[in-house]
Amino acid sequence: MNTLRSYLVHVVTVGVIVTLLLSLVLYWARFACKSVLGGITPLANRRAQVQPCGLLPLSLETQPAVVVPSRVMVDVHPEETVPLNEHTDLWLIGVQPLEDEKRLYTYFDPAIGKIVQCKIYQEEDEDGESNGLWINEPQLFVGPEGISVIDSDETGRFVEPRAVFDGKEDLIILDTKLRRLFRVNLAARQVVEAPAESLAEMGAPVAAGRISKNPNLLSMQWTPPLREATEQERRTRQDEIVPGNFIPAVPLSINAGEYVLVLDNAGRLHKLNRQTLQWAGQTGYLPTAPEFAMSRDEMARPYDLPAWIAVSVSFDPNNTYLGALVATLSPDGTGATVAVFDADGEMVASDMTMATRVRRRFERENGPRVRDLSDAEADTGYGKQLPGGSGARAGGPLDDDTVARARTINTYFEMPGGPALTGLRYLLENLQPPVFSVASYFTAPYISPEKGQRNLLLLPHSFAGSLGRKYQEDRFQRLAVLAMTMSPSLLIAAVLTMAVRRQARTIGLSDRSIKYWTAAILTFGLPAFLTWRFTRPTHTLVTCANCGRGRRPDMEKCHHCGSAWEVPELLAPAWRVFDDHAASSGASVPSTVSTSLQVAEEQPKDDNPQAQTTDAQPSA
Amino acid sequence: MWTLIKREIDDSRAFFITGAAYTISIIVFVISNVYSGGLSSKSMSGWPILPMLVWAMVLFSGMGAKQMYMDKTRRISCFLSTLAVTRSAIFTARVITGVLLIVMTLLPVTAAWIIILKVVMPPIPLYQAMFVAGVRTVLLLSLASYSLGLLTGWAPGRVVPVLGGTTLALILIPLVILKGSGMETAVILVLVTAVSLIRSRQHFISTPL
């Protein structure tokens, strides 16, 4: 029993280490494949853009001075990975430089549950040099119930606040746990809370104010209509000059209009009055981005996407809200979509990353997404006319056929080396334990993409995981797709199982042990096989006298043929040695021979039963 | 037990000296940086943190492998088992010595880091939380590397005991790059340490004299 328990501990401990280390090695191999694929993908296939963006009236986009119409553009950055430390976003809200190298830090202190604003600087000695000691001067403590200059219980506690600066003095604070939204004016020390009926109009809020998640994975660039800057403007409005010596022809601004955007957990964007936080309507949604294996033009949930950005665009003179620009990255991080929503929340233009041949076909049928509006066709047949007929003709939403063909697999398969790298990645995924592939398939929709990208065992972004997200309706279809996706993994497991069974039989493992190992290798695949190689019992086999195959010396019977050991019986031989000289002393032996050997021929031939038994051993 | 630990320390004094040299070299490196170019978060971003980590893990896994390999080749535990000492006690003393090396090597470095961060980083909870998580991860990674060294040090042959532990530790280090210093990493490292120690102990105490 002790031996069995000891062997079990041996197998389990080695199995855990092998599984973890092999998963690490496989992860980096897959990562290398993905990075190379991302690196060789041309920028054109990683970019989605719309020009003109469709939010401005045609008269503004086609002014004689305008050289470049408005444009919104998103780029996927496959070389980037999801940031590791979530505390950075949650806890550090902003740093503002002050005079004398002092800085004003605004951060969340989880110990006291408040957002703290502190003046922090290093103490200086008499010579004016820093002596390395930090001085921390708290200025304000912000809680859900108010603001104070000291840490007071009366101001309440935040639990999980997500705060962003909205201008220099204002904070938009969304506590996702408390489900409360605030606008805080730090200068006036005012706290405005969103009315409960405003929040009742939406699902659980996910982000408010600056709607952005992992901007290093997906970048958005937006430019208003541009004209050439005059010499005087180059000197006086340097911060507005864009490369090429252009300057905005129309005073537009982002995230500064009359509304604050709020994203709810269903992926819908809402606009709230900036001052009162009253709900003012829905203004768009997060569109689905093309994935490796599929592309669906539906609304995506924020939880399902690794990166998203949404900005509001307003017309500067009177801060009129024009609409929202929204970009999303697909769960597997391979494709992106950009969409433009007008003030009423209707999508007026969209584009997504797609393969070159898909883009060519689309543009042949629908015209390009990027137009300079320099010719007459700008006003004819290009996309859809905006409501009211006052807006510039934008590209309009993509048609279903294009969306269906915008899968990033098409991009990878048209690049040199793309199919080989994709195949290698698929093979590496199939070296994972089959049980984890099955788990990835079924749990993919429930694992957040950020965590999924760094997972070792459950791989929601694997081929199995992607298909698991796609096929969720029909149970039999799901199982069939799963079996097809995992077929290489199952094949590898079957081959390894056969090898282990053969080896186990050779060394004489019991049928029960062979069954356990078979189940383990079918479940855990390569890690279980490596565990078997490291932990299998070692026996020096001897040749079976009956069947001629190796048999274990510690077993009663041969594990191949079942024959017992043939122990040679130690019987006296039939022959004798006589010493003639000694015998002669008895005077009964002839004296002509001094010493001789005399075999007792008179013994019967069947005197040695062992020899006869051996000869007569049945071959069975 | 105390005698056993002293004996283990005496046997592994080369590793303790190397650990001390490693610690001193890091502190000298930090001080020289402070005096040459000042201390700032910008200058610290160029410090070779990863090579420092790799050398520390090589040291700790080498210590574990050496303890077991020397025992196997010189049959030290076989001899000690003839006295009033069990192999379980020998193994415990060995692990305590390994942990002692890790603590003695990392403690001064951690103290130096605390001083540096107090000088460089503003006193806000974010940086303190990141530092605590970083120290916890390095400590657990060190324990895991040492345990893997113990595990491979008893293996037959010469190549696996000498290089196996270091190789496995080097495979494990990218886990920190992959998953950061969060609780998930801590759980994985604790798991690796636990199973390695269980297997090493079981193998060690069940080996015939």
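All chains are named by letter (A, B, ...) in the order of the sequence lines, taking the proteins before the strands, and each is independently numbered beginning at 1.
- Residues A:N455 and B:E184 meet the side-chain proximity criterion, which asks for heavy atoms closer than 4.5 Å.
- Counted within 6.0 Å of OH on A:Y516, heavy atoms from surrounding residues, nucleotides or ligands total 12 or fewer; the atom is thus considered open.
- Heavy-atom distances place no part of A:F31 under 4.5 Å from chain B, backbone and side chain included.
- More than 12 heavy atoms of other residues, nucleotides or ligands lie within 6.0 Å of CH2 in A:W28, so this atom counts as buried by the packing criterion.
- At a 4.5 Å heavy-atom cutoff, the contact between A:L21 and chain B is made by backbone and side-chain atoms alike.
- Looking at B:S196, both its backbone and its side chain come within 4.5 Å of chain A, counting heavy atoms on both sides.
- For B:K179 against A:R454, the heavy-atom pair with the smallest separation is NZ-O, 3.0 Å.
- In this structure, B:P125 and A:F108 approach most closely via the heavy-atom pair CG-O, 4.4 Å.
- A distance of 8.5 Å separates CG in B:L172 from CG in A:L20, rounded to the nearest 0.5 Å.
- Chosen from A:V12, A:N136, A:I17, A:V116, the residue pairing most often with chain B at heavy-atom distances under 4.5 Å is A:I17.
- Residue B:I124 holds its CD1 atom at 5.0 Å from CG of A:L92, rounded to the nearest 0.5 Å.
- To the nearest 0.5 Å, the span separating CD1 on B:I171 from CG on A:L24 amounts to 8.0 Å.
- In this structure, the side chains of A:T13 and B:L151 stay at 4.5 Å or more apart for every pair of heavy atoms.
- The shortest distance between side-chain heavy atoms of A:Y105 and B:L126 does not fall below 4.5 Å.
- Heavy atoms from other residues, nucleotides or ligands lying under 6.0 Å from CZ of A:R210 number 12 at most.
- In B:R201, the CZ atom is not crowded: 12 or fewer heavy atoms of neighbouring residues, nucleotides or ligands sit closer than 6.0 Å.
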